J.: 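The structure follows.
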Amino acid sequence: MRVRMAPSPTGPLHIGTARTSLYNFLTARHAGGTYVLRIEDTDTARSTVDFERDIIDNLHWLGISWDEGPQVAGGDDVGPHAPYRQSERMELYAIEAKRLLEAGRAYRCWCTPDELEAVRREQQARREAPRYNGRCLSLTDAERAAFEAEGRTSVIRFRVEPEKVRFDDLIRGEVEFDNALLGDFVIVRNDGVPLYHFVVVVDDQTMEISHVIRGEDHLSNTPKHIALIRALGYREPRFGHIPLILNPDRSKMSKRKSQTAMTAYRELGYLPEAMVNFLAFLGWSPGTEEEIFSLDELVQRFEIDKVHKGGAVFDRDRLDHLNGVYIRSLTDEQLALRLRPWVPEAVADADLLRLVPLVKERLVTLGDVVALVGFAWEPDEVVASWYDRELLYPKKGGPSDARRALEGARTALEDLDDADFSADVLEQRCRQAAEAAGMKAGEFFSPLRVAVTGRTVSPPLFASLELLGRDRSLARVDDALGKLAEVPA
RNA sequence: GCCCCCAUCGUCUAGAGGCCUAGGACGCCACCCUUUCAAGGUGGAGAUCACGGGUUCGAAUCCCGUUGGGGGCACCA
């Protein structure tokens, strides 16, 4: 078994492309087959190396690897069928196009875009399928010469046989199309650049691809490919069309309505293992009620014929949940390592490790660490700037309650030396202080929380105090007291 | 417009004729735990299996039709 993924570097790695790549990867690895990466960059105007890099990097990030094809953007190809970039395979396409031309299975067409557009409009008016009318199919030599003399350029069209085409889709079973409904489509542009439907067939043949697994949007293109395969005398691979990933409104997932760039999720702090698990279940399930799967487990369990037929909505809530599950499954040391890119370099590794327990059960994404415990590394003045005086007031209280609590807390904290400045002792002291102040614990803790973390929602208060240490905690209490001093008692 | 594909809670799904008074998960609601927020625990609401016909002793599961949704019909991929 040889399968391939064939992304087009005309944009960053798309969620849909990633899932198609994943399904191909899982199919190949499950069967012990070979996995090929081919870069479909025939659209030279829109393809860039930067996009190629984004695609390759993010596939690697997900843990997807391949046996043949470029391993690095712009890097050398690896494998017996190199090159794997279509832009470097142009001679091959030219040879095959010539073969088709000479066999009479393709012909040159001099129709201009305007002429084609006019025909299309007429057909639509007559409620017919818009397709090429075959005008250039039977031109005399004189007519061809006349077009050339006119300065017109020509494209190459494939002559489609009006026959029924059926194939046994890996996922959908028997599917039948009538190619009589198809027009003769263009396979080489007027500037000599070959088009997708043509190159994909040539490459799949020369790269000996046995299973073509791709998005459902290609299902209706398959009869074109089969026609080309037959005309060229190629072997017909098995086809499998996987369901589309959908926007919440159930249309094909698009940049316009959803975040489709894998990089964006990566930058937000989603874990690749969560993303892989999530993507795998968008259109497939093991048939049991298990739902947490590593990439290796997926390789073992994944079967292409158990893939669903219907599209699946990309549900961010579910991704978030999975990400939390994976984050919580990490050891503190592992999580600290993952968190590193989001935490300022000035924060020492040892200090980063200390704050992990405070955030582990609260992180949805790794990036959330900043909002959660930024107070730990931000200077006191910055934390003080995060809140207004009113935020210090307990739920059903005013400035005087806040002041009472903070003063009580200050006294309690002051007493402790660094060695005793631990969550347990702090809690005990603060509860005593609350009682002494005649306040409920919650009312007493609230102003202290805001003073220390700058927010009403934070990790556990006493662990936060411990993390900050005596001096910084006291300084923040004083900052808060200072804010309260601005209002007359 | 034409062709093709699809159809189980809001979402992801289990379900291959009787195990289904349709199961799980996410989300939602309530309660418990609790210094806030989470995490965790318990419980709940939520699907006449799109609809209508068949087939069958029996259908979410098979067949046909309808409806709805989606995809494709480029000198993009």
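Letters A, B, ... are given to chains in the order of the sequence lines, protein chains preceding strands, and every chain is numbered from 1. Computed from a predicted structure; not experimentally measured.
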J.: Taking the same atom, C1', in B:G68 and in B:C62, what whole-Å distance lies between them?
T.: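 Taking atom C1' in both B:G68 and B:C62, they lie 22 Å apart.
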
J.: Against the six-membered ring of A:Y132, is A:R157 placed for a cation-pi contact (under 6.0 Å from the centre, within 45° of the normal)?
T.: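 Pair A:R157/A:Y132 counts as cation-pi.
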
J.: Rounded off to whole Å, could you give me the CG-to-P distance for the A:N247 and B:C12 pair?
T.: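 Whole-Å distance recorded here is 12 Å.
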
J.: Starting at the 5' end of RNA chain B, which residue's closest nucleotide do you reach first, A:S458 or A:P248?
T.: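 By nearest-heavy-atom nucleotide position, the 5'-most residue is A:P248.
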
J.: Check every strand shown and say whether A:G283 touches a base, only sugar-phosphate, or nothing at a heavy-atom separation below 4.0 Å.
T.: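 Touches sugar-phosphate only.
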
J.: Rounding to a whole Å, what distance do you find between A:L335:CG and B:A39:C1'?
T.: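 Distance, rounded to whole Å: 14 Å.
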
J.: Distance check, C1' atoms only: B:U13 and B:C20, in whole angstrom units.
T.: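 Comparing C1' positions in B:U13 and B:C20 gives a spacing of 16 Å.
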
J.: Pairing check on B:G1: which nucleotide meets the Watson-Crick or G-U wobble criteria with it, both distances under 3.5 Å?
T.: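 The base-pairing partner of B:G1, which may sit in any strand shown, is B:C73.
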
J.: Hey, does A:A312 reach any base, or is it just sugar-phosphate, or nothing, if we go heavy atoms under 4.0 Å?
T.: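 Counting heavy atoms under 4.0 Å across all strands, the contact made by A:A312 is with sugar-phosphate only.
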
J.: Reckon A:E176 touches a base, only the sugar-phosphate, or nothing at all at heavy-atom distances under 4.0 Å?
T.: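 Sugar-phosphate: the residue A:E176, judged by heavy atoms under 4.0 Å, touches backbone atoms but no base.
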
J.: Without hydrogens or angle criteria, can the side chains of A:T365 and A:D368 be said to hold a donor-acceptor pair below 3.5 Å?
T.: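 There is such a pair (donor and acceptor under 3.5 Å, judged by atom type) between the side chains of A:T365 and A:D368.
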
J.: Who is the Watson-Crick or G-U wobble partner of B:A7, with both distances under 3.5 Å?
T.: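 Matched B:A7 with B:U67 under the 3.5 Å cut-off.
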
J.: Write down the distance between CD (A:E435) and P (B:U35), rounded to a whole number of angstrom.
T.: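 Distance, rounded to whole Å: 14 Å.
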
J.: Rounded to whole Å, please give me the gap between CD1 in A:I171 and C1' in B:A7.
T.: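 Distance check: A:I171 CD1 to B:A7 C1' gives 17 Å.
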
J.: Write down the partner of B:A16 under the Watson-Crick or G-U wobble criteria, each distance required to be under 3.5 Å.
T.: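 Per the H-bond distance test, none.
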
J.: Whether the side chain of A:N247 engages the backbone of A:D249 through a donor-acceptor N/O pair (distance < 3.5 Å, no angle test) should be reported.
T.: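 Flag not set: sc A:N247 to bb A:D249 has no pair under 3.5 Å.
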
J.: Is there a side-chain contact between A:R431 and the phosphate of B:U35, meaning an N or O under 4.0 Å from OP1 or OP2?
T.: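 Checking B:U35 against A:R431, a side-chain N or O does come within under 4.0 Å of OP1 or OP2.
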
J.: In terms of side-chain heavy atoms, does A:E303 have a donor or acceptor partner in A:W284 at a distance below 3.5 Å?
T.: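 No donor-acceptor contact under 3.5 Å links the two side chains.
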
J.: Using atom CZ of A:R166 as one end and atom C1' of B:C5 as the other, report the distance to the nearest whole Å.
T.: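 Distance check: A:R166 CZ to B:C5 C1' gives 16 Å.
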
J.: Would you mind building the protein contact string for nucleotides 70-77 of chain B? One character per nucleotide, 5' to 3', B for base within reach (heavy atoms under 4.0 Å), S for sugar-phosphate only, - for untouched.
T.: SBSSSBBB

J.: Would you kindly compare A:P286 and A:S446 by the position of their nearest RNA chain B nucleotide and give the one closer to the 5′ end?
T.: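 Counting from the 5' end, the first nearest nucleotide belongs to A:P286.
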
J.: Rounding to an integer number of Å, can you tell me how far A:H308 NE2 sits from B:U13 C1'?
T.: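 Computing the A:H308:NE2 to B:U13:C1' distance gives 7 Å.
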
J.: Is A:P243 touching bases, backbone alone, or none of the nucleic acid, heavy atoms closer than 4.0 Å?
T.: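 Contact class for A:P243: none.
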
J.: With a non-hydrogen cut-off below 4.0 angstrom, is A:F462 in contact with a base, only sugar-phosphate, or nothing?
T.: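 Base contact - A:F462 has a heavy atom under 4.0 Å of at least one base atom.
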
J.: From B:U36, B:C4, B:G40, pick the nucleotide closest to the side chain of A:R328?
T.: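 The closest nucleotide is B:G40.
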
J.: Considering only the P atoms, how many Å lie between B:G27 and B:C12, rounded to the nearest integer?
T.: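 It comes out at 15 Å once rounded to the nearest Å.
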
J.: Parallel, tilted or perpendicular: which describes the rings of A:F185 and A:F158, with under 30° parallel and over 60° perpendicular?
T.: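 The arrangement is tilted - the two ring planes meet at 30° to 60°.
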
J.: Tell me which nucleotide, if any, is Watson-Crick or G-U wobble paired with B:G27 when both distances must be under 3.5 Å.
T.: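 Check on B:G27: unpaired, no WC or wobble geometry under 3.5 Å.
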
J.: Evaluate the ring planes of A:F281 and A:F293, with Trp represented by its six-membered ring, and classify them as parallel (under 30°), tilted (30 to 60°) or perpendicular (over 60°).
T.: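 If you compare the ring of A:F281 with that of A:F293, the planes turn out tilted.
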
J.: Shortest non-hydrogen contact from A:E378 to A:R476?
T.: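 Heavy-atom minimum between the residues: O-NH2, 2.8 Å.
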
J.: If you measure from the P atom in B:U21 to the same atom in B:U61, how many Å do you get, rounded?
T.: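 One P to the other, the span is 14 Å.
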
J.: What integer number of Å spans the P atoms of B:A38 and B:G46?
T.: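 Pairwise P distance, B:A38 against B:G46, rounds to 26 Å.
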
J.: Roughly how many Å apart are B:C29 and B:G65, using the C1' atom of each and rounding to a whole number?
T.: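 Rounded to whole Å, the distance is 41 Å.
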
J.: From CZ of A:R362 over to C1' of B:U34, roughly how many Å is that when rounded to an integer?
T.: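 So the CZ-C1' distance, A:R362 to B:U34, works out to 11 Å.
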
J.: Taking A:E297 for the side chain and A:S294 for the main chain, is one N or O donor matched with an acceptor at less than 3.5 Å?
T.: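 Present.
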
J.: Quick check: does any side chain N or O of A:D41 sit under 3.5 Å from a backbone N or O of A:S87, one acting as donor and the other as acceptor?
T.: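 It does hold such a pair.
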
J.: Taking atom types as modelled, is there a side-chain donor on A:R214 or A:T222 under 3.5 Å from an acceptor on the other?
T.: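 Yes - a donor-acceptor pair under 3.5 Å links their side chains.
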
J.: Could you write nucleotides 16-33 of chain B as a row of B, S and -, 5' to 3', where a protein heavy atom under 4.0 Å of any base atom gives B, of only sugar-phosphate atoms gives S, and otherwise -?
T.: -------BSBSS------

J.: Whether the side chain of A:D332 engages the backbone of A:L353 through a donor-acceptor N/O pair (distance < 3.5 Å, no angle test) should be reported.
T.: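 No, A:D332 side chain to A:L353 backbone: no donor-acceptor pair under 3.5 Å.
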
J.: With C1' as the reference atom in both, quote the distance from B:C28 to B:C73 in angstrom, rounded to an integer.
T.: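 Those two atoms are separated by 42 Å.
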
J.: Can you find a pair of side-chain heavy atoms, one from A:R4 and one from A:V212, that are under 4.5 Å apart?
T.: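 Yes, close enough: below the 4.5 Å cut-off.
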
J.: A:E361 CD to B:G41 C1': how many Å, rounded?
T.: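 Between C1' of B:G41 and CD of A:E361: 13 Å.
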
J.: Taking B:C64 as the reference, what is the distance to B:A7 when you measure between their P atoms (whole Å, please)?
T.: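 So the two P atoms sit 14 Å from each other.
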
